[in-house]
Amino acid sequence: MVVSPEVVELSRLQFAVTALYHFLFLPLTLGLSWMLVIMEACFVITGKQIYKDMTRFWGKLFGINFAMGVVTGLTLEFQFGQNWAYFSQYIGNIFGVPLAIEGMVAFMLESTFIGIFFFGWDKVSKVQHLFATFFLAIGSSLSALVILVANGWMQNPVGATFNYHTLRMDLHSWSQLWLNPDAQVRFVHTIAAGFGLAATLSVIYLGDANGVEVATAQKAKLAAIEAEWTTAPAPAPWALVAWPNQKEQKNDFAVKLPWAMGVLITHSFDEKIEGLKPIIAENKGKIKRGMIAYGALQKLRDGDTSPTVLNTFKEYQDDLGYGLLLKRYTSTVTNATEAQITKAANGSIPNVPILFWSFRIMVASGFMILWIFILANVFWLRDTAWNKRWFLRLVLYSMPLPWIAAEMGWVVAEVGRQPWVVNGILPTFISILV
């Protein structure tokens, strides 16, 4: 049984709002943790009181953000079990591993040393307190790592196989789970922290690396981000602005820069970027193969474990998830009509307008931050920053930009995976079953 679309959309909306609110606190917490290490190290090395005062002041802001991150994170944990029960059952053997490590190792590490940070100033030596601050930052980064390993697996599910006996995914490669390139690039891109210009350049560079990884593992996401409906000759142009029309699978209008997308994404002049229409056609074939896998799975569950059925299932099981997409349109997957298969194929790509504009808002925010830091460095070198009131106002008004960029990046990552909760394996609308 598949629950009503309204329940699915309400569950997605609740999780999205909670996750976006939760993500407001993470970047600041991660960045502040290492800033505390640097400021306190300056205090230990120089003995100047101002560095201790700075550490304690910014430490209070860190503590507030840490507490809010914990509270909103716990809400997400409850939603996994209450709103996404089948998701938790289906991939719990894999998804639960990094979550358990985060709770038992990273969170406990943070919790222990945050207590020493706040209450140990007069109880331990300066070096010992710096040691605690350092491991507080390590714990924060480790939390980010294990969570992004879990999310990276949802984007690029490697190192796991489907077990038809239990109807669950089983982990068969610990190393592939943790060394998943999607997870590693996302981790460094998310936690890249430092000061000003260097950090901004680092985040932009790692964002480019993330785009290259998406081009390999999630072709539909990349094509949707760029509103690329057809496969253009290499190097593909980049749509600076466009108005995607998902219903008619075209752009009502677009302003394109020649060659730009092909060069930026593939870092070459001869690699093509596949368009959404060819991807839909390819997914249609996967759906038909998924129907065969689903039929073989039903026979296996009914007790027919003959070599013919087993071999059929093994041959087509990689496309089982695509067969499950048909459950939105029919209760008998193996008897789906051509029209239902076409609907499932058209629904196998994400929401193009949301992705297209979210990505551009994210990129625009990032480059505005970059230019502000470039100006800041120029004015600092000339010792004129404090005399430029317009620039100081600009800095003040630009404070929301990092959060806008981070939130839009999260939208791109999660909406871009749709209609999958685990890419190519488990459709989102099935994941809410109880």
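Keep in mind that the numbers below use all heavy atoms, side chains included, and drop hydrogens, waters and symmetry copies. All residue numbers in this chain count up from 1 along the given sequence.
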Asks: Determine, stepwise, if the pair Met362 / Phe359 fulfils side-chain contact (heavy atoms from CB on, under 4.5 Å).
Replies: CA-CA 5 Å; Met362 177 190 72; Phe359 179 78; 3.5 Å; yes

Asks: Taking atom NZ as the centre, does Lys52 end up with more than 12 heavy-atom neighbours from other residues, nucleotides or ligands that are less than 6.0 angstrom away?
Replies: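 Yes - once you tally the heavy atoms of other residues, nucleotides and ligands closer than 6.0 Å, there are more than 12.
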
Asks: With a 6.0 Å cut-off (strictly less than), is the heavy-atom count around CD1 of Ile50, excluding the residue itself, greater than 12?
Replies: no

Asks: Mind checking whether Phe135 and Phe131 have ring centres under 6.0 Å apart?
Replies: yes

Asks: Kindly compute the distance separating CD1 (Ile349) from NZ (Lys277), expressed to the nearest 0.5 Å.
Replies: 10.5 Å

Asks: Does any donor atom in the side chain of Gln82 or Gln14 lie under 3.5 Å from an acceptor atom in the other side chain?
Replies: no

Asks: Is the shortest distance from a Lys or Arg side-chain nitrogen in Arg360 or Glu226 to a carboxylate oxygen in the other one below 4.0 Å?
Replies: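 Looking at Arg360 and Glu226, the cut-off is met.
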
Asks: Counting C-beta onward and ignoring hydrogens, is there a side-chain heavy-atom pair between Ile64 and Phe25 closer than 4.5 Å?
Replies: no

Asks: Check step by step if side-chain contact (heavy atoms from CB on, under 4.5 Å) holds for Leu355 and Val411.
Replies: CA-CA 8 Å; Leu355 276 184; Val411 169; 5.6 Å; no

Asks: Could you go through the side-chain contact (heavy atoms from CB on, under 4.5 Å) check for Asp318 and Phe162 one step at a time?
Replies: CA-CA 9 Å; Asp318 288 345; Phe162 177 72; over 6 Å; no

Asks: Any side-chain heavy-atom pair from Met39 and Leu36 closer than 4.5 angstrom?
Replies: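 In short, these two side chains touch, coming nearer than 4.5 Å.
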
Asks: Salt-bridged, Asp319 to Arg289, with N to O below 4.0 Å?
Replies: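 Yes.
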
Asks: So Phe95 and Phe80, would you call those rings parallel, tilted or perpendicular, with 30° and 60° as cut-offs?
Replies: perpendicular

Asks: Ignoring hydrogens and angles, tell me if any N or O in the side chain of Ser365 forms a donor-acceptor pair with the backbone of Ile404 under 3.5 Å.
Replies: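 Between the backbone of Ile404 and the side chain of Ser365 there is no qualifying donor-acceptor contact (under 3.5 Å).
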
Asks: Looking at CG of Leu145 and CD of Glu102, how far apart are the two atoms once the value is rounded to the nearest 0.5 Å?
Replies: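 Here the interatomic distance stands at 10.5 Å.
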
Asks: Determine yes or no for a side-chain-to-main-chain donor-acceptor pair under 3.5 angstrom, with Gln176 supplying the side chain and Gly159 the backbone.
Replies: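 Pair found, side chain donor or acceptor close to backbone of Gly159.
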
Asks: Under a 3.5 Å distance rule, please check whether His22 uses its side chain to pair with a backbone N or O of Leu76 as donor and acceptor.
Replies: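 Between the backbone of Leu76 and the side chain of His22 there is no qualifying donor-acceptor contact (under 3.5 Å).
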
Asks: In Å, rounded to the nearest 0.5 Å, how long is the span from OG1 of Thr72 to CD of Glu77?
Replies: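 Here the interatomic distance stands at 11.0 Å.
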
Asks: Do Asn245 and Gln249 have a side chain donor and acceptor closer than 3.5 Å?
Replies: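 Note: Asn245 and Gln249 side chains miss the donor-acceptor criterion.
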
Asks: Does Arg393 use its side chain to pair, donor to acceptor, with the backbone of Tyr397 at less than 3.5 Å?
Replies: no

Asks: Do the side-chain N and O atoms of Thr133 and Glu40 include a donor-acceptor pair separated by under 3.5 angstrom?
Replies: yes

Asks: Once the angle between the rings of Phe134 and Trp34 is folded into 0 to 90°, is it parallel (under 30°), tilted (30 to 60°) or perpendicular (over 60°)?
Replies: perpendicular

Asks: Using a 6.0 Å cut-off, check whether atom CH2 of Trp58 has over 12 heavy atoms from anything other than its own residue.
Replies: no

Asks: Less than 4.5 Å apart, any side-chain heavy atom of Thr334 and any of Ile292?
Replies: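 Counting from C-beta outward, Thr334 and Ile292 never come under 4.5 Å.
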
Asks: Rounded to the nearest 0.5 Å, how far does OG1 of Thr428 lie from CD of Glu414?
Replies: 9.5 Å

Asks: Take atom OH in Tyr51; do more than 12 heavy atoms of anything else shown fall under 6.0 Å from it?
Replies: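 Atom OH in Tyr51 is not packed in, count stays at 12 or less.
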
Asks: Hey, are the side chains of Thr337 and Gln340 touching, using non-hydrogen atoms and a 4.5 Å cut-off?
Replies: yes

Asks: Please evaluate residues Met68 and Tyr21 with respect to the criterion side-chain contact (heavy atoms from CB on, under 4.5 Å), reporting the C-alpha separation (whole Å), side-chain torsions for both, the decisive distance (0.1 Å), and the verdict.
Replies: CA-CA 10 Å; Met68 291 299 297; Tyr21 187 62; 3.4 Å; yes

Asks: For Phe117, is there any backbone N or O sitting under 3.5 Å from a side-chain donor or acceptor partner on Trp121?
Replies: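 Confirmed, Trp121 side chain pairs with Phe117 backbone.
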
Asks: Can a donor-acceptor pair be found between the side chains of Gln246 and Asn346 at a distance below 3.5 Å?
Replies: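 Asn346 and Gln246 do not have a side-chain donor-acceptor pair below 3.5 Å.
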
Asks: Ignoring hydrogens and geometry, is there a side-chain-to-backbone donor-acceptor pair from His172 to Ala160 under 3.5 Å?
Replies: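 Such a contact is found between His172 side chain and Ala160 backbone.
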
Asks: Could you pull out the closest heavy-atom pair between Glu110 and Gly139, with the gap in Å?
Replies: CG-C, 3.4 Å

Asks: Please give me the minimum heavy-atom distance between Trp84 and Val8, naming the atom from each residue.
Replies: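 The answer is CH2-O, 4.4 Å.
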
Asks: Could you tell me if Glu274 and Thr231 have a donor-acceptor pair between their side chains, going purely by distance under 3.5 Å?
Replies: no

Asks: State the CG-OG distance between Leu109 and Ser141, to the nearest 0.5 angstrom.
Replies: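 Reported to 0.5 Å precision, the distance equals 10.5 Å.
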
Asks: Measure across Val352 and Pro244 and return the closest heavy-atom pair with its distance rounded to 0.1 Å.
Replies: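 Looks like CG1-CB, 3.7 Å.
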
Asks: Just checking, is any N or O donor in the side chain of Asn251 or Trp229 under 3.5 Å from an acceptor N or O on the other one?
Replies: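 Yes.
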
Asks: Taking Ser398 for the side chain and Leu401 for the main chain, is one N or O donor matched with an acceptor at less than 3.5 Å?
Replies: no

Asks: Work out which heavy atom in Phe66 is nearest to a heavy atom in Ile114; give both atom names and the distance.
Replies: CD2-CD1, 3.5 Å

Asks: Counting C-beta onward and ignoring hydrogens, is there a side-chain heavy-atom pair between Leu325 and Ser348 closer than 4.5 Å?
Replies: yes

Asks: So with a 6.0 Å cut-off around NZ of Lys126, is the heavy-atom count from everything else above 12?
Replies: yes

Asks: Quick check: do Thr342 and Lys284 have side-chain heavy atoms less than 4.5 Å from each other?
Replies: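 Sidechains of Lys284 and Thr342: in contact.
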
Asks: Search all heavy atoms of Ile354 against all heavy atoms of Asn351 and return the closest pair with its distance.
Replies: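 So the two residues come closest at N-OD1, 3.1 Å.
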
Asks: Of the non-hydrogen atoms in Leu177 and Pro98, which two are nearest, and what is the gap between them?
Replies: CD2-CD, 4.5 Å

Asks: So, does His129 use its side chain to make a donor-acceptor pair with the main chain of Gly120 at under 3.5 Å?
Replies: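 The answer is no, because no donor-acceptor pair under 3.5 Å joins these two groups.
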
Asks: Please identify which of these residues, Ile369, Ile374, Leu375, meets the side chain to side chain contact (heavy atoms under 4.5 Å, CB included) condition with Trp371.
Replies: Ile374

Asks: Is the Lys NZ or Arg CZ of Lys327 less than 6.0 Å from the centre of Phe429's six-membered ring, within 45° of the axis?
Replies: no

Asks: Check whether any side-chain N or O of Asp302 sits under 3.5 Å from a backbone N or O of Asp304 as a donor-acceptor pair, and report yes or no.
Replies: no

Asks: Indicate yes or no for a side-chain donor-acceptor contact from Gln128 to the backbone of Ser125 under 3.5 Å, with no hydrogens or angles considered.
Replies: yes

Asks: Compute whether any side-chain donor of one residue and acceptor of the other, for Asn93 and Arg168, lie under 3.5 angstrom apart.
Replies: yes

Asks: Between Trp153 and Val422, is there a side-chain heavy-atom distance shorter than 4.5 Å?
Replies: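 Side-chain contact under 4.5 Å: yes.
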
Asks: Distance check, rounded to the nearest 0.5 Å: Tyr86 atom OH versus Ser431 atom OG?
Replies: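 The distance works out to 9.0 Å.
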
Asks: Under 30°, 30 to 60°, or over 60°: which ring-plane class applies to Tyr322 and Trp420, parallel, tilted or perpendicular?
Replies: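 Rings of Tyr322 and Trp420: perpendicular, over 60°.
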
Asks: Are Gln218 and Asn156 close enough that some pair of their side-chain heavy atoms sits under 4.5 Å apart?
Replies: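 Side-chain contact under 4.5 Å: no.
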
